[in-house]
Amino acid sequence: MITIYLMRHGQTYFNLWHKIQGWTDSPLTEEVIKQAKEIGRYFRENNINFDKGYSSTSERASDTLELATDHQLPYRRLKGLKEEYFGSFEAEDERLNPPVPYEDFFVKYGGESEDQVKMRMHDTMLKIARENADNSNILIVSHAGAIFNFLSTINMSIDQLFKIGFTNASVAKIEFKNDQFKVVEIINKKNNKFEVTQVN
């Protein structure tokens, strides 16, 4: 069995300014240093050590991985882990977003459909899982939309994830066995402490 820790990148200025953030990148805020150190400490205190790391090619994801692992984990950047592309809505005000699910709303504006994101993420995650040996612990840093879409292809609905919460630097613990993914835990920072929610 392979264990994957799928992490959302840390807070960016576009998060603060409520801008639509897909393939457009935005610098991490000072808050990320604190977030990254805290999740890094959580991993160490719970004896979670990583054999390999992967991140989206967006700097906000790779920078988050480096901060969380104190620049000690070798990793690869993969385009397949990028956020959904929102076309001409990139960097615009979040109030322009339609209600979720987005489905194929952004396609007519040059962006991706949710089905395209689901397929891209699932194919990339499957490739990562298959190229690693059993009993590996893998850290992957990606984006909220990409992660939500991927998790909805396995054993977790977006409604369920919204209910639990998945803020910046949250982590989904996923097991990969017999060529199948299964979310087992969501790790969130709430009320100044980490909360682990079991997923059935």
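Predicted, not measured: the structure shown is a model, and the values here were computed from it.
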- prompt: With a 4.5 Å heavy-atom cut-off, do Lys52 and Ser136 have their side chains touching?
  reply: no
- prompt: Just checking, any donor-acceptor pair under 3.5 angstrom between side chains of Glu175 and Thr3?
  reply: no
- request: Under the side chain to side chain contact (heavy atoms under 4.5 Å, CB included) rule, what do Lys189 and Glu38 come out as? Steps first, then yes or no, please.
  value: CA-CA 9 Å; Lys189 182 77 180 296; Glu38 287 174 342; 2.7 Å; yes
task: Return the set of residues passing ring-ring contact (aromatic ring centres under 6.0 Å, His included) with Tyr102 (not counting sequence neighbours), or none when no residue passes.
output: Phe106
- line: Contacts of Asp25 meeting side chain to side chain contact (heavy atoms under 4.5 Å, CB included) (sequence neighbours excluded), chain-then-number -> Ser58, Glu59, Arg60
query: Is the closest side-chain donor-acceptor distance between Ser142 and His9 under 3.5 Å?
result: no
statement: Value for OG (Ser170) from CD1 (Ile186), rounded to nearest 0.5 Å, stands at 8.0 Å
message: For the residue pair Asn137 / Asn49, report whether a side-chain donor-acceptor contact shorter than 3.5 Å exists.
response: no
message: Within the 3.5 Å criterion, strictly below it, is a donor on Glu185 or Gln198 matched to an acceptor on the partner's side chain?
response: yes
- prompt: Which residues, ordered by chain and number, are linked to Ile39 in its hydrophobic cluster, where ILVMFWY side chains connect at heavy-atom gaps below 4.5 Å, directly or through other members?
  reply: Tyr5, Met7, Tyr42, Phe43, Ile48, Phe50, Leu65, Leu73, Tyr75, Leu139, Val141, Val171, Ile187, Phe194, Val196
field: Student check: side-chain heavy atoms of Ile140 and Leu81 closer than 4.5 Å
entry: yes
task: With sequence neighbours excluded, tell me which residues meet salt bridge (charged side-chain N to carboxylate O under 4.0 Å, His left out) with Glu112.
output: Arg120
- request: With sequence neighbours left out, write down each residue that passes side chain to side chain donor-acceptor pair (under 3.5 Å) with Asp63, or none if nothing qualifies.
  value: none
message: Counting C-beta onward and ignoring hydrogens, is there a side-chain heavy-atom pair between Phe86 and Leu96 closer than 4.5 Å?
response: no
- request: Could I get the full list of salt bridge (charged side-chain N to carboxylate O under 4.0 Å, His left out) partners for Asp179, not counting sequence neighbours?
  value: Arg130
message: Please enumerate all residues that pass salt bridge (charged side-chain N to carboxylate O under 4.0 Å, His left out) together with Lys173, with sequence neighbours excluded.
response: none
query: Can you list the steps and then say if Asn135 with Ile2 is a side chain to side chain contact (heavy atoms under 4.5 Å, CB included)?
result: CA-CA 5 Å; Asn135 303 316; Ile2 295 168; over 6 Å; no
task: Would you please name every residue forming a side chain to side chain contact (heavy atoms under 4.5 Å, CB included) with Glu195, sequence neighbours left out?
output: Lys190
- prompt: Just wondering, do Ile20 and Asp93 contact through their side chains at under 4.5 Å, heavy atoms?
  reply: no
query: Of the options Lys34, Gln35, Gln11, which is the one that meets Thr29 in a side chain to side chain donor-acceptor pair (under 3.5 Å)?
result: Gln11
query: With a cutoff of under 4.5 Å between side-chain heavy atoms, which Ile, Leu, Val, Met, Phe, Trp and Tyr residues group with Leu28?
result: Val32, Leu67
message: Between Phe166 and Arg8, is the side chain to side chain contact (heavy atoms under 4.5 Å, CB included) condition met? List the steps.
response: CA-CA 8 Å; Phe166 203 77; Arg8 181 181 174 186; 3.7 Å; yes
task: Report yes if some heavy atom in the side chain of Ile4 is under 4.5 Å from a heavy atom in the side chain of Met125; otherwise report no.
output: yes
Contacts of type side chain to side chain contact (heavy atoms under 4.5 Å, CB included), residue Tyr109, not counting sequence neighbours: Ser88, Phe89, Phe105
Residues 147-165, side-chain donor-acceptor partners within the protein, below 3.5 Å, at least two apart:
| unit_1 | atom_1 | unit_2 | atom_2 | d |
| --- | --- | --- | --- | --- |
| Asn149 | ND2 | Gly145 | O | 2.8 |
| Ser152 | OG | Asn149 | O | 2.7 |
| Thr153 | OG1 | Phe150 | O | 2.6 |
| Asn155 | OD1 | Val183 | N | 2.7 |
| Asn155 | ND2 | Val183 | O | 3.1 |
| Ser157 | OG | Gln160 | N | 3.0 |

field: Pairing residues for Tyr85 by the ring-ring contact (aromatic ring centres under 6.0 Å, His included) criterion, not counting sequence neighbours
entry: Trp23
